[in-house]
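Positions are given from 1, in the same order as the sequence printed here.
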Amino acid sequence: MLTEPRSGRLAAWGNALLAGLVSPDEAALAIVGDDAVHRVAGLPGEPAPVGLTLALGRLRALGATGLRVALPAPGHPLGLSGPPEFNTRALDAEEAVICYGTALGLVPEVSEAGPEGDVHVEVVWHCLAVREAPPADVPSLGEAERELAEALREATEVLTRLDVAASGPVAEAAIDAYRARAERGREVLAPGYPPRAVRVLELAQRIGTLIAVASENGHGGAVSAAEMAARTQALRPVERTARRAQVAAYNSMVEERERGMR
């Protein structure tokens with residue numbers, strides 16, 4: 001979780017575009033980010049893959065008024081609503097975007113080519129049918145914020161007691177990279193999102209960074225099987241909570257609009 005998911009960028013800037021807060025070119029540029037190109041395949045009425053600008057316009061014409069994020073993991077279909085075929089594709093990719101207002105979803109397929117240091121990344125978003133139903137296990141922003149604070153406290157206590165907090169040059173480099181990225185003032189969400197969503201997403205990404213560092217840093221000071229198991233148990237619910245919070249933040253623009261229509 002050292003970088004934001006592509007589905008998050010697509011949903012955030014797609015929502016800003018659908019709300020009329022950014023231009024199609026601005027949205028497409030932000031969604032592509034450091035990748036070479038993004039295309040969308042399988043859009044109704046389009047026999048071949050098309051660019052993001054055309055695809056977002058087509059989705060709006062098909063009735064899409066908002067985009068939601070799904071970040072599923074094995075045993076946790078976070079943000080998904082079916083059918084099984086779409087859920088399977090999304091689970092393989094570990095992310096997806098669900099259109100609000102039309103029964104369509106997008107799953108990314110990422111391909112890389114080129115030598116190390118000059119990798120060319122292309123993304124094809126596959127447009128598939130989805131079930132129009134409430135997304136699975138997505139909390140409100142308030143719930144997500146409370147859960148993050150509680151989960152972080154509990155995990156910190158366990159990891160500190162076991163002396164398995166991330167440390168060493170690898171951990172320090174990863175955390176320094178996160179801080180440098182934050183200091184450059186990167187825009188965490190697109191225009192139109194509430195400040196609370198930005199706050200929740202930043203905290204979720206920070207926690208995700210620490211989890212990733214701890215996971216990549218061996219077993220720390222945990223020397224026994226019991227300590228390793230305790231460490232894994234401490235990290236698993238925190239990672240799950242951080243993913244739920246990310247989805248809540250990305251989906252908040254659609255959720256607010258939905259509440260206003262009731």
Legend entry - Residues Arg68, Glu255: salt bridge by 4.0 Å N-O rule: yes
Legend entry - Spatial distance of atom CD1 (Ile98) from atom CG (Leu128) [nearest 0.5 Å]: 9.5 Å
Inset, instruction - Please determine, by modelled atom types, if His120 and Glu112 share a side-chain donor-acceptor pair under 3.5 angstrom. - result: no
Legend entry - Closest contact, heavy atoms only, Leu18 versus Ala64: CD2-O, 3.9 Å
Legend entry - Pair Thr88, Glu85: side-chain N/O donor-acceptor within cut-off below 3.5 Å: no
Legend entry - Under 3.5 Å donor-acceptor, Ser81 side chain and Arg131 backbone: yes
Inset, instruction - Return yes when atom CD of Glu26 has more than 12 non-hydrogen atoms of other residues, nucleotides or ligands closer than 6.0 Å, and no otherwise. - result: yes
Legend entry - Residue pair Val200, Val198: steps toward the side chain to side chain contact (heavy atoms under 4.5 Å, CB included) verdict: CA-CA 6 Å; Val200 167; Val198 176; over 6 Å; no
Inset, instruction - Enter the distance from Leu10:CG to Glu95:CD here, rounded to the nearest 0.5 Å. - result: 9.5 Å
Legend entry - salt_bridge(Asp35, Arg9) N-O dist < 4.0 Å: yes
Inset, instruction - Compare every heavy atom of Leu80 with every heavy atom of Ala70, then report the nearest pair and how far apart it is. - result: CB-CD2, 3.5 Å
Legend entry - Between CG on residue Leu59 and CG on residue Leu106, distance to nearest 0.5 Å: 6.0 Å
Inset, instruction - Ignoring hydrogens and angles, tell me if any N or O in the side chain of Tyr193 forms a donor-acceptor pair with the backbone of Ser252 under 3.5 Å. - result: no
Inset, instruction - Walk me through it: do Glu109 and Arg89 pass the test salt bridge (Lys or Arg N to Asp or Glu O under 4.0 Å)? - result: CA-CA 10 Å; Glu109 179 184 356; Arg89 292 282 292 266; 5.4 Å; no
Inset, instruction - State plainly whether the residues Arg243 and Glu239 are in salt-bridge range, i.e. N to O under 4.0 Å. - result: yes
Legend entry - Distance in Å, Gln246 CD paired with Leu148 CG, rounded so as to fall on 0.5 Å steps: 9.5 Å
Inset, instruction - Indicate if Leu189 and Val69 have the same hydrophobic cluster label, given that clusters are the connected sets of ILVMFWY residues with side-chain heavy-atom separations under 4.5 angstrom. - result: yes
Inset, instruction - Measure the spacing between CG of Asn15 and OH of Tyr250 and express it to the nearest 0.5 Å. - result: 11.5 Å
Legend entry - Separation of Leu71 CG from Arg240 CZ (nearest 0.5 Å): 13.0 Å
Inset, instruction - Determine whether Val22 and Trp13 make a side-chain contact, defined as any pair of heavy atoms from C-beta on separated by less than 4.5 Å. - result: yes
Legend entry - Leu43 side chain reached by Val50 side chain, heavy atoms, under 4.5 Å: yes
Legend entry - NZ/NE/NH1/NH2 to OD/OE distance under 4.0 Å, Glu143 and Arg244: no
